[in-house]
**Q** 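The following block contains the structure, expressed as structure tokens.
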There are 2 protein chains.
Amino acid sequence: MSGGEKPAVHIYCLLFDGYETLDLMGPVEFLHGVPGARLHYVSHLGGAVRSTQGFSVATEPLGELKPGSVLLIPGGAGTRTLVHDTDFVEALTRWVQQSEYCLSVCTGSALLAATGLLNGLEATTNKRAFDWVRGTNPPVLWQGTARWTHSGKFYTSSGVSAGMDMTLGFIADIAGIDEAQVQAHRCEYLWNQDPSHDPFSASSAPSPQS
Amino acid sequence: MSGGEKPAVHIYCLLFDGYETLDLMGPVEFLHGVPGARLHYVSHLGGAVRSTQGFSVATEPLGELKPGSVLLIPGGAGTRTLVHDTDFVEALTRWVQQSEYCLSVCTGSALLAATGLLNGLEATTNKRAFDWVRGTNPPVLWQGTARWTHSGKFYTSSGVSAGMDMTLGFIADIAGIDEAQVQAHRCEYLWNQDPSHDPFSASSAPSPQS
């Protein structure tokens, strides 16, 4: 919704077949509540996109991002093939370059890393998929212990639920801590506010999964 | 997905225009991971259904539930009108009667209460909408302090995020605490495991919202 006085902030939620539901829908819940936020549900080619959890969402094809936009990239099983899709990665690289902020959740950071734009920056991912993600692009400074990371315009989170904590951290950075608390309270969400506190760190995680 | 050895458990996720995204998608994330779970995305009349957060999901019309099924009812702004829709409430009453378990999240309990089937049982809701929900059907034993409640075949949760904690509690009850922990860990979710611990209790909640 674009508020009366607040300028619109366009947020592009990037869907692809086999994204993990909560990776996307957790952040969506909080981002939508921010004054001025205007959410767009988009995919590379448009049309119906199916989550790993089996429902289909209607999407618009993503051409260009408006100036000052936010790009949200979920993870999920679909990343395993998408990370090798050169057409997709080429388009993603352009979108990431156009974004003012770029947020990835879980294995969404493997897609983001495939653009090369994370090289030399700190990032994290689902700790159960840590070795796979790190293996896709070693030049990223992969953090084995982090609920989420923030480096330049990039925010990356640990697995699935961690995307909600990261999103509230992002909202706090761009709109103030009070706004983040408003969104958490509206949803009766117990925000894990410390990005360095990671009970699921890579050193204690079991075998990888998507 | 129906597992090889586990019998299928059919879970009907009931969508309606103006449901709150995380009310539905949080539980969906965990329920889908339970061995044997088979999720159906349904609505009263079928077709594309739009969440409060602005995306459309394709749904099947819900006729009858299969025996032994679970019915999941989210809340959201759409409940404010739907609670007065006699055709919908009549259909919902039939679906609830057919379900083996029935879970509501947030103001979804107002819809569930409208069937009369919660009368005399404990239930809860979003604490910011507590007075409105209670006013729709006083014979329910509304709990002003509860992260979630369990009474007979009914599980009801507090606002939005509480649905995830409730769902893990439900999974623990039907599939064992180990299965609930597996799902929480898979999603790197910090489960608030005590249903009576409610930091957002009605006595401290601000003015109501949907």
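Naming convention: chains lettered A, B, ... in sequence-line order (proteins, then strands); numbering from 1 in each chain. Predicted, not measured: the structure shown is a model, and the values here were computed from it. Any value given below was found using the heavy atoms of this structure, including those in side chains, with hydrogens, waters and symmetry copies removed.
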**Q** Taking all non-hydrogen atoms of both residues into account, name the closest pair between Val160(A) and Cys187(B) and its distance.
**A**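 So the minimum-distance heavy-atom pair works out to CB-O, 3.6 Å.
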**Q** Chain B contacts: which residues in residues 45-56 of chain A have a non-hydrogen atom closer than 4.5 Å to it?
**A**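 At a heavy-atom separation under 4.5 Å, chain B is reached by Thr52(A), Gln53(A), Gly54(A), Phe55(A), Ser56(A).
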**Q** Of all the residues in residues 146-155 of chain A, which have a heavy atom that comes within less than 4.5 Å of a heavy atom in chain B?
**A**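 Those residues of residues 146-155 of chain A which have a heavy atom under 4.5 Å from chain B are Arg147(A).
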**Q** Given a strict heavy-atom distance threshold of 4.5 Å, which part of Tyr41(A) is in contact with chain B: side chain, backbone, both, or neither?
**A**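 Looking at Tyr41(A), just its side chain touches chain B.
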**Q** Could you list the residues that satisfy ring-ring contact (aromatic ring centres under 6.0 Å, His included) with His44(A), not counting sequence neighbours?
**A**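 Scan of His44(A) (ring-ring contact (aromatic ring centres under 6.0 Å, His included), adjacent residues dropped) gives Phe88(A), Trp95(A).
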**Q** Stepwise, does the side-chain contact (heavy atoms from CB on, under 4.5 Å) test hold for Met164(A) with Leu22(B)?
**A** CA-CA 11 Å; Met164(A) 295 185 286; Leu22(B) 192 58; 4.0 Å; yes
**Q** Rounded to the nearest 0.5 Å, how far does OG1 of Thr21(B) lie from CG of Leu24(A)?
**A**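 Separation between the atoms: 9.5 Å.
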**Q** Rounded to the nearest 0.5 Å, how far apart are CZ of Phe200(A) and CG of Leu190(B)?
**A**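 It is 4.5 Å, given to the nearest 0.5 Å.
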**Q** Using 0.5 Å steps for rounding, measure from the CD atom of Glu188(B) to the CG atom of Asp198(A).
**A**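 Interatomic distance, Glu188(B) CD to Asp198(A) CG, rounded to 0.5 Å: 6.0 Å.
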**Q** Hey, which of Ser161(A), Ala184(A), Gly163(A) has the most heavy atom pairs under 4.5 Å with chain B?
**A**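 Most heavy-atom pairs under 4.5 Å with chain B: Ser161(A).
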**Q** For Glu29(B), which residues count as a salt bridge (Lys or Arg N to Asp or Glu O under 4.0 Å) partner, sequence neighbours excluded?
**A**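 Counting only residues at least two positions away or on another chain, Glu29(B) forms a salt bridge (Lys or Arg N to Asp or Glu O under 4.0 Å) with Arg186(B).
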